[in-house]
Amino acid sequence: MIPLSWYLTLSALLFSVGVFGVLARRNAIGILMGIELMLNAVNLNLVAFWRYLTPTAIAGQVFTLIVFAVAASEAAVGLALIISIYRRRSTIAADEINLMKW
Amino acid sequence: MSVLQVVFLVTGFVTLLAGVMVVASPKLIHAALWLIVSLAGVAVLFVLLNADFLAVVQVVVYIGAIAILIIFAAMLTRRVMTDSGPTHNPTWWLALVSALVLLGGLLALILQVPAFAQAGPTGLPLADSGLADLGTSLVDANRFLLPFEVASVLLLAALIGAMAVARPAAKPEEGAE
């Protein structure tokens with residue numbers, strides 16, 4: 001039997017790795033990859049709670065499906081923005097995109 | 001230690017290692033490939049949690065669509081990053097400290113609930129891990145029809161928005177620049 005706390009610990013570790021990626025990466029695509037890691041950790045948490053605490057209510061799986069849809073749209077729009085910035089500025093380093101910095 | 005526990009530990013280790021490589025790898029393409037490994041590890045964990053349908057969706061949507069999209073974007077823009085300095089911010093240690101503080105807080109929270117350490121998976125009420133229930137609940141007006149439709153509208157908006165944002169500027173505007 002795998003205790004629920006193992007899943008929660010792994011999920012917390014994965015989320016922290018994603019946070020580090022978002023904060024430390026210079027490349028905008030690297031930042032997006034960090035966000036994907038964080039979303040995955042959240043999904044893992046949701047499914048683990050569904051399986052261990054409320055297996056009769058399907059809401060945990062539905063919530064995860066909605067997160068999938070949001071992640072897909074986030075990736076599509078985010079990468080479109082990055083391509084657009086790359087066309088205009090020839091860079092995708094997050095610290096060089098300072099057009100709207102006061 | 002049971003077989004399932006060994007499977008969990010190996011999968012969790014691989015997932016975590018791949019995650020660390022995603023944020024640490026100097027080459028963006030390598031990071032994207034490690035991301036695929038990490039996503040596949042999470043799919044295996046979904047199978048361990050009896051969420052078969054979600055595991056399939058994870059493979060199809062995350063590995064099949066999002067990871068490939070990221071690889072495409074990395075290929076379209078990769079030339080710049082090889083010669084524009086380091087791949088991480090100069091203050092990456094500050095990011096490491098923040099991530100570690102967050103991790104410590106989360107772990108402290110998890111350990112405060114002793115029920116989490118003892119909770120075992122209860123028997124599933126339905127034989128097919130609730131797949132039929134999941135399907136009907138998504139089209140039932142009294143359950144999750146509204147979130148489902150909102151998600152489809154969101155996807156449509158993202159589709160049109162992504163095309164509008166990524167499309168090159170019109171010709172006259174280019175000449176004016």
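Not measured: the values here are computed from a predicted model. Values reported hereafter were calculated over all heavy atoms of this structure, with side chains retained and with hydrogens, waters and symmetry mates removed. So that the names make sense, note that chain A is the first sequence line, chain B the second, and so on, each numbered from 1.
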Which bit of Leu48(B) is near chain A, if near means a heavy-atom gap under 4.5 Å: side chain, backbone, both or neither?
both
Can you tell me which portion of Phe13(B) sits under 4.5 Å from chain A's heavy atoms? Options are side chain, backbone, both or neither.
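Neither part.
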Using heavy-atom distances under 4.5 Å, tell me whether [X] contacts chain B through its side chain, its backbone, both, or neither.
X        : value
Val22(A) : neither
Leu13(A) : both
Ala41(A) : neither
Arg87(A) : side chain
Ile66(A) : side chain

Least distance between heavy atoms, Ile70(B) atom then Ala32(B) atom:
CG2-CB, 4.2 Å
Locate the shortest heavy-atom distance separating Ala43(B) from Gln58(B); write the atom from each residue and the value.
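Nearest pair, atom of Ala43(B) first, then Gln58(B): CB-CG, 3.7 Å.
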Find out whether [X] and [Y] are in side-chain contact, i.e. whether some heavy atom of one side chain is under 4.5 Å from a heavy atom of the other.
X        : Y        : answer
Asp52(B) : Val56(B) : no
Leu10(A) : Leu45(B) : yes
Phe46(B) : Val57(B) : no

Leading residue by heavy atom contact count with chain A [cutoff under 4.5 Å; candidates Phe72(B), Tyr62(B), Phe148(B), Phe53(B)]
Tyr62(B)
May I ask you to name which of Leu154(B), Val61(B), Leu111(B) has the most heavy-atom pairs under 4.5 Å with chain A?
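That would be Leu154(B).
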Would you mind telling me which of [options] has the largest number of heavy-atom pairs within less than 4.5 Å of chain B?
options                                : result
Ile85(A), Leu32(A), Ile83(A)           : Ile83(A)
Leu81(A), Val62(A), Val77(A), Val19(A) : Val62(A)
Ala48(A), Ser16(A), Ala24(A), Gly21(A) : Ala24(A)
Ile82(A), Leu39(A), Asn43(A), Ile31(A) : Asn43(A)

Assess whether ring pair (Phe, Tyr, Trp, His ring centres under 6.0 Å) is satisfied between Tyr7(A) and Phe49(A), documenting all intermediate values.
CA-CA 9 Å; Tyr7(A) 281 104; Phe49(A) 275 126; over 10 Å; no
Counting only N and O atoms by type, is there a donor-acceptor contact under 3.5 Å from the side chain of Ser38(B) to the main-chain atoms of Trp34(B)?
no
